[in-house]
Structures are given as structure tokens and as C-alpha cells.
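What you see is a predicted model; the values in this text were computed from it and never measured. Reminder, nothing fancy here: chain letters follow the sequence lines and each chain counts from 1.
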Amino acid sequence: MPEGNEIHRWAERHTKAFVGKKLHVEAPGGRFADADAIDGKTLKKIHAVGKHLGYEFGPDAILHVHLGRYGDWTEGVGELPPVKGALRVRLSRKPTGRAAADEATTRHGWYSEDDGSTSLEPADVDWIELRGPSDCSLYDREQWKKLLARLGPDALNGDDPEPAFAKIARSKTPIAALLMDQSVLSGIGNIYRAELLYRARLSPFLAGKDVPRKTVEAMWNDSIPLLKAGMVDRRIVTTLPKHRPHSEGKPLKPEVHYVYRRHGKPCWVCGTKVQRQEMAGRSLYWCPTCQAE
DNA sequence: GCAAAATGTCAAG
DNA sequence: TTGACCTTTTGCA
């Protein structure tokens, strides 16, 4: 369930490990018919836009990956592991034989308690495996162009935010729905939208056109360091240190969100119960006091 | 052991 | 607006 930070993080890691190299591409479960078309080819470049990844083997051979809600990459060193689970595709290079495969050869995208590594540095990766994506298919240049055309600016790509500001300023749609709309802004998902709204102390229900331009700009500017930090940390931390109490009974686990998935619990700042409500099929979380209409 | 939930998107009606 | 789709993990029996 990755948002833009996770996507860009994978792009960075996979670039270090694989770009410029001839890759073995296979789909042992037969779940990706076009694997043969790029097997043995050199990976030219990896694109990351919003929540989309593109592994470019040629102008008309771009492996498009969208992780959707459940998709995840697994990576490892050394020999390929036995095929397990619903494996969609895997990419590998010749193992360099460097780090012998020990028990810690595989890593997942999701934050785990015991994972202290926050560095992107040594990309000691010989293979990656993809499970559960909503899309894994080969795009030609037209398909890739069309994809880009429908995506709004991505803060992690240094895009000009003006088109997004303009759309918001014209829209009657609630700001919380606009932030999730990938044609307005790309890369923001359910956690970032809830937390950006909280940090701006903005009501999720306010129509886009009624949000002051300064507030929209502030949220865009706020999103950049949060997304970048999310790439390094492998999780999304939005609470300021002074608002980051340690949860009871688990002294070492700081609370990292203001409102996301905290419904029914007291707001860290004012003590009001955090609310939850469906909006466009997704759970929206907010503090009715700090984010009053 | 099973149901429900989880950081998402697209297409059909 | 809804349903379909993809898979793993968590929580409750």
C-alpha cells in the first residue's frame, strides 16, 4: 500500500542495483505473459511518477508496475530463492558472490520494527520479486505518454505545482478528495492526505475553491520534506517531536501519525477524539477541533 | 482458522 | 457510486 515515497524509494534502489545491466526477467507462475520480451535485455532507466514505476528496456518496452493497494517488492542477495506465493515477476542479475546469502537476504518495503536500516546506500541487491501489483505490463511509448498526461505534478520529481493549484482553486470538490486525486497531485495517498490536512489544521470538507491559496501552497511545501523523509525512513512520520508521545506499554514505539488510523483516540494536541468517515470509498481521519470547518 | 482490513485504481452502470 | 481485482497480515474466535 505504498504512496509516492515508497515508489521513489524502490526506483532509487532498483536503479543502483540494475540500471545498465543485462537482466534475467522471468514469470515462473505464468502471471506476466510478456516477460520473455524483455528477458536478457539491458535495463536503461527507471521512471517513478506518482505511484507508477516504469522499467525502461527500450522506447517501446517499458515495464509498467503499479503496486496498487497490496503490491510489494521483495529484494535479496545471492541465488534466487525457491518460487513461493503468487509471484508475478522477478528480475535478477548475475550474483556477484559478494555477501553470501545469510538469513537476512530478503527485505520488504513495509516498515518493520526490527529494521533499523534507514540508509539507501549499499544497494546490495541481486534479485527482486513482485507480488500483488494492480498492474505489471509492458508499455510502449504511447501508453507511457498517455499515463504521464493524466498525472498531476509529483513533488518528489520537482514538478511545477501550478497546474494543481489552479485545479484546486476551481473545484467544488472537498480538499480531502482533491489531494488523493492523482490527476491533481500525484504520489499523495491516504496517509499523506490525512496528515497534510491535519498539519495545515484544515477541514477535509472545505471545497477546493474555498481553501486559501496560501494554505494550498503550504501543504505542497510541507509535502516535499515529508515525502523525502518517507523515502529514507521506509515509513511515514508526520508528528513533530513535541507531539510524538510514546504509546503506553510500548515505550520504544513513538506515535508517528496525528490522525491516520487513530479514530476514537484522543488528538495529541487537543485531546478531542479523532473521527473517521468514508470519503470516496476510503477512510478519512481528522480531528474535528483542530480541523474545524 | 477465517474474516476483515490495508498507504490504489479502473471500468461499468 | 459500486464492484472488481491483486495478496498478505492482523485480530478475533
Can you tell me how far P of C/dT8 sits from CH2 of A/W73, to the nearest Å?
15 Å
Pick the P atom in B/dC10 and in C/dT8, then give their distance to the nearest Å.
23 Å
Between A/R150 and A/N5, which has a closest nucleotide on DNA chain B that is more 5'?
A/N5
Picking from C/dT7, B/dT9, B/dG8, which would you name as closest to the side chain of A/Q182?
B/dT9
Thinking salt bridges, do A/E195 and A/R193 make one under a 4.0 Å N-O criterion?
no
Hey, are A/D72 and A/R131 close enough for a salt bridge, meaning a charged N less than 4.0 Å from a carboxylate O?
no
Please state how far atom CG in A/D72 lies from atom C1' in C/dC6, giving the value in whole angstrom units.
13 Å
Pick one: which of A/L23, A/V83, A/T74 meets side chain to side chain contact (heavy atoms under 4.5 Å, CB included) with A/R90?
A/V83
Please say which of A/V65, A/L151, A/L148 ends up in a side chain to side chain contact (heavy atoms under 4.5 Å, CB included) with A/H52.
A/L151
Salt bridge present between A/E6 and A/R9 (N-O < 4.0 angstrom):
yes
Which nucleotide in the set B/dT7, C/dT8, B/dG8 lies at the smallest distance from any side-chain heavy atom of A/H66?
B/dG8
Short heteroatom pairs, N/O only, protein and nucleotides 1-5 of chain C, under 3.5 Å:
none

Do the ring centers of A/Y192 and A/W220 come within less than 6.0 Å of each other?
no
Hey, mind stepping through A/S134 and A/H66 against side chain to side chain donor-acceptor pair (under 3.5 Å) and telling me if it holds?
CA-CA 6 Å; A/S134 64; A/H66 194 288; 3.3 Å; yes
Determine the contact category for A/R261: base if any of its heavy atoms lies under 4.0 Å from a base atom, sugar-phosphate if only primed atoms, P, OP1 or OP2 are that close, otherwise nothing.
sugar-phosphate
Let me know the distance between CZ of A/R262 and P of B/dT7, rounded to the nearest Å.
16 Å
Is the phosphate of B/dT7, meaning OP1 or OP2, less than 4.0 Å from a side-chain N or O of A/R282?
yes
A/K84 NZ to C/dT7 P, in whole Å, measures 15 Å
From CZ of A/R235 across to C1' of B/dA6 the rounded distance in Å is 18 Å
Using whole Å, report how far CG of A/L147 lies from P of B/dT9.
11 Å
Pairwise P distance for C/dG3 and B/dA4, with rounding to whole Å:
16 Å
Rounded to whole Å, NE2 of A/H52 lies from C1' of B/dT7 at a distance of 14 Å
Take A/H24 and A/W127, measure what ring-ring contact (aromatic ring centres under 6.0 Å, His included) needs, and give me the verdict at the end.
CA-CA 9 Å; A/H24 183 35; A/W127 53 261; over 10 Å; no
Donor-acceptor pair between A/Y285 and A/H263 side chains, under 3.5 angstrom:
no
Could you tell me how far apart A/R276 (CZ) and B/dT7 (C1') are, to the nearest whole angstrom?
15 Å
Got a salt bridge between A/E12 and A/K228, using NZ or NE/NH1/NH2 to carboxylate O under 4.0 Å?
no
Please tabulate, one pair per line, each protein N/O and nucleotide N/O from nucleotides 11-13 of chain B that are separated by under 3.5 Å, including the distance.
none

Base, sugar-phosphate alone, or nothing: which one does A/F32 contact when heavy atoms must sit under 4.0 Å apart?
nothing
Side-chain N,O (A/K51) to OP1/OP2 (B/dT9) below 4.0 Å
yes
